[in-house]
Amino acid sequence: MAPIELTYFPVRGRGNAMKLIMYDQGVEWTDKVVTIEEWMKGDLKKTCLFGQLPKLKDGDLVLYQSNAILRHLARKHGLYGKDGKEAALIDMMNDSIEDLRVKYLRMIYQEYETGKEKYIKELPGHLCYFEAILAKCPSGFLVGDKISFADYNLYDFLVVQKILCCKCLDNFPSLKGYVDKIGSRPKVKAFMESDSCTKLPVNGNGKQ
Ligand SMILES: N[C@@H](CCC(=O)N[C@@H](CS)C(=O)NCC(=O)O)C(=O)O
């Protein structure tokens with residue numbers, strides 16, 4: 001049995017970026033899928049440190065909080081820059097991706113009907129920062145010359161934004177090139193085209 005076990009709902013959600021990292025880095029893991037019906041019984045929730053998923057079990061280490069999980073995988077698999085300075089910059093990038101993800105999730109779960117149009121209108125005003133960052137990165141990665149966990153996270157987020165609004169990257173050539181570049185890594189491509197990704201709804205409430 002794989003030593004890593006990921007417990008999450010049958011959605012892409014916050015689980016997809018960590019799955020992408022594991023698949024691309026050749027890490028074996030087992031998915032423990034929790035249906036909403038099972039979750040609603042409440043027993044599993046009570047055992048979760050903060051009452052939420054995802055949960056990653058790596059040997060005797062049990063982790064909650066998706067960004068802590070991404071960072072753990074990054075430390076183990078060399079996806080955290082070449083030194084402390086790059087690690088700090090990667091953290092900064094990832095925090096900014098998290099800010100956007102929270103905005104997106106708020107719209108999806110709390111105000112899809114009333115807030116979707118406004119969200120799409122405001123999206124370029126958020127994405128432009130990443131466009132400017134990537135336009136200045138000769139490697140095509142957010143920080144340094146190697147892929148980091150923040151790159152997988154941003155890639156995952158941008159793909160989800162394209163599902164919401166297929167034209168959202170049209171005015172952002174660097175972001176477009178970035179999605180194409182990361183998306184054409186053979187294992188990333190294979191994972192994104194696999195049932196493990198395509199068969200799952202993007203979000204738990206069916207909105208996307
Ligand atoms: N900050 C947490 C948020 C986790 C979170 O919102 N989990 C949701 C699913 S994505 C959840 O467990 N919802 C069920 C519940 O809160 O009862 C993280 O990044 O992991």
Side-chain angles (χ1 to χ4, degrees), residues 6 8-21 23-24 31 33-36 39 52-54 65-67 69-70 92-135 137 140-142 147-185 187-208:
L6 174 63
Y8 196 47
F9 301 106
V11 299
R12 279 204 215 181
R14 287 180 173 276
N16 203 58
M18 48 195 82
K19 291 178 189 172
L20 266 177
I21 290 181
Y23 198 85
D24 197 38
D31 279 312
V33 180
V34 179
T35 61
I36 291 297
W39 182 254
Q52 290 191 310
L53 297 174
Q65 289 294 351
S66 54
N67 290 295
I69 294 170
L70 294 179
M92 176 183 76
M93 297 298 174
N94 198 65
D95 283 2
S96 205
I97 299 161
E98 173 65 15
D99 286 350
L100 296 190
R101 198 179 281 279
V102 167
K103 280 188 217 304
Y104 168 77
L105 291 173
R106 192 179 304 131
M107 180 278 291
I108 289 287
Y109 284 100
Q110 294 170 17
E111 50 191 30
Y112 188 81
E113 275 73 27
T114 54
K116 180 180 164 184
E117 262 180 50
K118 181 170 177 277
Y119 177 92
I120 291 175
K121 213 168 147 205
E122 290 174 358
L123 188 56
H126 302 302
L127 295 182
C128 65
Y129 296 104
F130 284 104
E131 171 69 19
I133 291 163
L134 286 166
C137 290
F141 298 119
L142 284 169
I147 194 163
S148 73
F149 74 96
D151 288 303
Y152 290 98
N153 201 15
L154 180 58
Y155 168 75
D156 173 63
F157 178 75
L158 291 174
V159 169
V160 167
Q161 300 314 290
K162 279 182 69 184
I163 295 172
L164 176 76
C165 168
C166 61
K167 292 182 181 342
C168 73
L169 301 185
D170 281 3
N171 294 323
F172 297 126
S174 300
L175 283 178
K176 240 177 145 178
Y178 178 80
V179 169
D180 290 346
K181 177 182 155 142
I182 297 195
S184 63
R185 289 169 75 90
K187 287 189 190 163
V188 167
K189 187 172 182 323
F191 181 77
M192 294 303 283
E193 288 172 358
S194 72
D195 286 358
S196 306
C197 182
T198 58
K199 286 256 156 51
L200 295 182
V202 180
N203 300 296
N205 61 358
K207 311 253 160 60
Q208 61 179 42

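Quick note: numbers below take in every heavy atom, side chains included, and nothing from hydrogens, waters or symmetry partners.
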Is the number of heavy atoms from other residues, nucleotides or ligands within 6.0 Å of CG (Asp31) greater than 12?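 Yes.
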Got a sec: does the CD of Glu122 have more than 12 other heavy atoms crowding it under 6.0 Å?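 Enclosed: over 12 neighbouring heavy atoms sit under 6.0 Å from CD of Glu122.
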Counting N and O atoms only, with roles assigned by atom type, does the side chain of [X] sit under 3.5 Å from a partner on the main chain of [Y], one being a donor and the other an acceptor?
X      : Y      : value
Asn205 : Lys207 : yes
Tyr109 : Gly204 : yes
Tyr8   : Arg14  : yes
Tyr112 : Gln208 : yes
Asp151 : Ser148 : yes
Ser184 : Lys181 : yes

The test is side-chain hydrogen bond (donor to acceptor under 3.5 Å, both in side chains); show your working for Arg12 and Asn203 and say whether it passes. CA-CA 6 Å; Arg12 279 204 215 181; Asn203 300 296; over 6 Å; no
Minimum side-chain heavy-atom gap Leu142-Tyr178 below 4.5 Å: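 Yes, side chains in contact.
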Residue pair Met192 / Thr198, side-chain heavy-atom distance below 4.5 Å: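 The answer is no; the side chains never approach within 4.5 Å.
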Return the minimal non-hydrogen interatomic distance between [X] and [Y], and the atom names on each side.
X      : Y      : value
Ala17  : Asn153 : CB-OD1, 3.7 Å
Pro54  : Leu6   : CB-CD1, 4.1 Å
Val34  : Pro10  : O-CD, 3.1 Å
Leu175 : Leu127 : CD1-O, 3.7 Å

May I ask you to decide if the ring planes of Tyr23 and Phe191 are parallel, tilted or perpendicular, using 30° and 60° as cut-offs?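 Tilted: the ring planes of Tyr23 and Phe191 meet at 30° to 60°.
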Would you please say whether a donor-acceptor pair under 3.5 Å links the side chains of Gln161 and Tyr119?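 Yes.
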